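Worksheet: the structure to be examined is printed underneath.
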Amino acid sequence: MTYTALWIALAILALAGLLFILIYNRLVRARALVREGWSGITVQLRRRADLVPNLVATVQGYAAHERDLLDDVTAHRSDAVKAARPEDAARADATLGGMLGHMQKDVKHARQSAIPSHATSYVAYEAACQAEERPWLASR
């Protein structure tokens with residue numbers, strides 16, 4: 001073999017080694033980006049899961065309020081049905097009408113607002129919505 005062929009062979013080996021190193025580095029970088037992406041998804045899903053107790057507490061509080069309101073409406077309806085005198089019936093009906101108006105106002109407010117007025121934190125609600133809509137977006 002001549003020196004020229006030897007230099008050509010060494011150049012080809014060097015080029016192949018350089019190409020191998022470049023490809024390997026790209027693969028390592030791609031693997032790191034994939035791990036970072038999955039880590040971001042995991043963080044967002046964990047944040048979302050951490051918000052569930054706050055949401056449950058908010059719903060329980062609202063359910064207790066609604067339960068009390070329905071119990072009051074039921075009691076006043078019973079009074080209106082059981083009234084023996086017209087004055088008692090009128091008084092019970094007026095009270096029942098006020099309770100029904102309050103209940104309608106609560107239903108209208110709940111429909112107009114995605115967040116109950118007694119929600120503990122609007123920021124927590126927004127974070128839950130964002131985590132729900134785009135869990136693949138991780139804050140960096």
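This is a predicted model, so every value here is computed, not measured. Note that the numbering runs from 1 along the sequence shown for the chain.
With hydrogens and angles ignored, the 3.5 Å screen pairs no side-chain donor or acceptor of S78 with any backbone N or O of T74. With T42 contributing its side chain and W38 its backbone, the two residues share a donor-acceptor pair below 3.5 Å.
Note that CZ of R29 and CD of E36 are 13.0 Å apart. Values are rounded to the nearest 0.5 Å. Taken to the nearest 0.5 Å, the CD1 atom of I8 stands 15.0 Å off from the OH atom of Y3. The CG atom of L15 lies 9.5 Å from the CG atom of L22; values are rounded to the nearest 0.5 Å. Atom-to-atom distance recorded for L33:CG and R26:CZ is 12.5 Å, nearest 0.5 angstrom. Here the CG-CZ distance, from D79 to R77, works out to 11.0 Å after rounding to the nearest 0.5 Å.
Residue L27 is grouped with residue L19 when hydrophobic side chains (ILVMFWY) are merged at heavy-atom distances under 4.5 angstrom, including chains of intermediate members. Under the 4.5 Å side-chain heavy-atom criterion for Ile, Leu, Val, Met, Phe, Trp and Tyr, L45 and V34 are members of the same hydrophobic cluster.
Contact annotation: the side chain of L51 never approaches that of R48 to less than 4.5 Å [non-hydrogen atoms, C-beta and beyond].
When all heavy atoms are compared, the tightest approach of L96 to V73 is CD1-O, 3.6 Å.
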Next on the checklist: Please determine whether salt bridge (charged side-chain N to carboxylate O under 4.0 Å, His left out) holds for the pair R47 and D50, giving the CA-CA distance in whole Å, both sets of side-chain angles, and the decisive distance to 0.1 Å.
Outcome noted: CA-CA 5 Å; R47 284 179 60 198; D50 289 344; over 6 Å; no
